[in-house]
Amino acid sequence: MFRIICEANQLTVNDVVSELNAPLYGPSLDRSRKLVKSLHLIDAGSVHSDRMIAYLENLTGVQNLAALTLAELSGLKGVAALCTRPYRKWCPHCYSEDVAKGLPPYDRLLWSINLVRFCPVHEVVLHSVCLHCGGDRAPQLFGRDISGFCPRCFEWLGESASAQQLSGDDQTKHLRWIARSFADLLEGPPSKDEDLLPIIQSAIRKLGDIHHEGATTYLARQIRRNKSVVSTWLGGRSRPAWDA
């Protein structure tokens with residue numbers, strides 16, 4: 001969202017960030033290109049993104065940019081904050097499809113969610129390595145950045161990409177389900193007025209009754225959590241994280 005708005009208004013990421021006094025990092029020669037890793041939080045729907053959005057709305061005249069962030073999911077009651085990834089991942093087929101449709105390539109909000117590793121549209125693993133220069137672990141934003149292109153070598157990231165065949169094991173099915181579930185949640189998030197914790201508590205109890213005869217200890221072991229952690233969820237003293 002941030003990058004494509006900058007491009008549409010003929011601005012570099014640096015043009016906007018410099019006005020917000022966001023610090024730069026890296027060797028001196030790279031200070032005009034690299035931004036702090038924390039800028040991935042602009043997608044998170046947090047105070048950090050609110051500040052960026054207010055500035056962009058004033059700069060461009062475009063309103064309701066918060067709807068292009070994870071604000072609706074991050075603000076849900078009964079579940080912990082949703083984590084965004086600091087490093088870039090992408091689906092090269094989505095980029096190529098954008099261009100084929102005559103649209104500018106853009107990064108999907110879904111890709112910024114830390115738990116999402118697959119593209120639910122093309123059924124491929126999200127890429128994180130440029131096939132041209134081998135660069136990886138690129139921050140979500142560089143100072144001079146173009147959607148769909150490597151921020152290091154500036155080569156197109158949508159070409160020469162082959163679909164990675166996914167296995168049919170349970171782990172792969174689970175990760176595919178995660179990607180599809182988050183895509184559905186972004187399309188139609190639950191109401192912010194609804195507290196999800198009672199629903200989660202009910203689901204936990206049902207799972208325990210069906211699979212473990214009501215024994216919280218065995219259920220906790222299956223989801224790789226301590227029994228006391230699950231007990232705090234059931235007692236309303238803490239909220240489960242999204243991965244749980």
Side-chain angles (χ1 to χ4, degrees), residues 1-18 20 22-44 48-49 52 68-70 82-101 103-167 172 175-176 178-179 182-183:
M1 179 272 287
F2 182 87
R3 190 184 305 115
I4 203 165
I5 290 174
C6 290
E7 292 170 13
N9 289 273
Q10 298 183 334
L11 298 166
T12 67
V13 173
N14 264 348
D15 292 334
V16 178
V17 173
S18 60
L20 294 170
L24 301 176
Y25 83 99
S28 58
L29 292 177
D30 291 337
R31 285 186 179 277
S32 65
R33 297 196 303 116
K34 284 187 173 182
L35 301 177
V36 287
K37 297 175 184 177
S38 62
L39 282 184
H40 73 280
L41 295 174
I42 64 173
D43 283 333
H48 197 108
S49 56
M52 284 285 192
L68 301 179
T69 70
L70 296 170
L82 186 60
C83 294
T84 54
R85 61 167 47 96
Y87 300 109
R88 188 176 304 178
K89 283 185 180 287
W90 65 90
C91 171
H93 305 288
C94 284
Y95 283 155
S96 297
E97 196 171 88
D98 292 338
V99 173
K101 293 178 179 178
L103 302 171
Y106 68 96
D107 287 12
R108 276 57 172 172
L109 184 60
L110 180 69
W111 303 344
S112 69
I113 298 174
N114 196 40
L115 292 171
V116 175
R117 302 181 191 177
F118 292 115
C119 171
V121 177
H122 298 101
E123 293 282 329
V124 297
V125 178
L126 293 180
H127 287 222
S128 60
V129 179
C130 173
L131 298 178
H132 301 278
C133 69
D136 64 347
R137 294 176 69 83
Q140 289 283 5
L141 282 172
F142 271 60
R144 297 188 180 277
D145 214 339
I146 305 173
S147 296
F149 291 82
C150 175
R152 293 192 171 98
C153 69
F154 303 106
E155 291 289 344
W156 172 236
L157 295 174
E159 66 184 14
S160 304
S162 59
Q164 299 182 33
Q165 202 66 29
L166 301 180
S167 63
T172 300
L175 293 176
R176 185 189 287 115
I178 288 174
F182 272 117

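None of the values given here were measured: they were computed from a predicted structure. Nothing fancy with the numbering, it's 1 onward along the sequence.
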Report task. Would you please test Thr172 and Phe118 for side chain to side chain contact (heavy atoms under 4.5 Å, CB included) and show each step? Result -> CA-CA 9 Å; Thr172 300; Phe118 292 115; 4.2 Å; yes
Query raised in the report: Do side-chain atoms of His132 reach the backbone of Trp156 as a donor and acceptor pair under 3.5 angstrom?
Result: yes
Query raised in the report: Are side-chain heavy atoms of Arg108 and Cys94 found at a separation under 4.5 Å?
Result: yes
Query raised in the report: Can you tell me if Ser112 uses its side chain to pair, donor with acceptor, with the backbone of Thr84 under 3.5 Å?
Result: no
Query raised in the report: Do you know which two heavy atoms are closest between Gly135 and Arg152, and how far apart they sit?
Result: C-NH1, 3.9 Å
Query raised in the report: In Å and rounded to the nearest 0.5 Å, what is the CG to CG distance from Leu115 to Leu175?
Result: 9.5 Å
Report task. List the atom of Cys91, the atom of Val124, and the distance in Å for their closest heavy-atom pair. Result -> SG-CG2, 3.9 Å
**Report entry** Approximate separation, where rounding is to 0.5 Å, of Asp43 CG and Leu109 CG
**Finding:** 5.5 Å
Query raised in the report: With a 4.5 Å limit on heavy-atom distance, are the side chains of Phe182 and Leu82 in contact?
Result: yes
Report task. For side chain to side chain contact (heavy atoms under 4.5 Å, CB included), just list the numbers for Val116 and Leu126, CA-CA rounded to whole Å, side-chain angles, deciding distance to a tenth of an Å, and then say yes or no. Result -> CA-CA 8 Å; Val116 175; Leu126 293 180; 4.3 Å; yes
Query raised in the report: Taking only residues two or more places apart in sequence or in another chain, which ones pass salt bridge (Lys or Arg N to Asp or Glu O under 4.0 Å) with Glu155?
Result: none
Query raised in the report: Do Arg117 side-chain atoms and Ala179 backbone N/O form a donor-acceptor pair below 3.5 Å?
Result: no
Query raised in the report: Atom OG in Ser128, atom CH2 in Trp90: separation rounded to 0.5 Å?
Result: 6.0 Å
Report task. Report the residues that fulfil salt bridge (Lys or Arg N to Asp or Glu O under 4.0 Å) with Arg85, sequence neighbours left out, ordered by chain and then residue number. Result -> none
Query raised in the report: Between the side chain of Arg88 and the main-chain N/O of Gln140, is any donor-acceptor distance below 3.5 Å?
Result: yes
Report summary line: Only one of Trp111, Tyr106, Phe149 passes ring-ring contact (aromatic ring centres under 6.0 Å, His included) with Tyr95, and that residue is Trp111
Query raised in the report: So do the side chains of Leu110 and Pro120 get within less than 4.5 Å of each other, counting heavy atoms only?
Result: yes
Query raised in the report: Should Cys153 and Cys130 count as side-chain neighbours, where that means a heavy-atom distance under 4.5 Å?
Result: yes
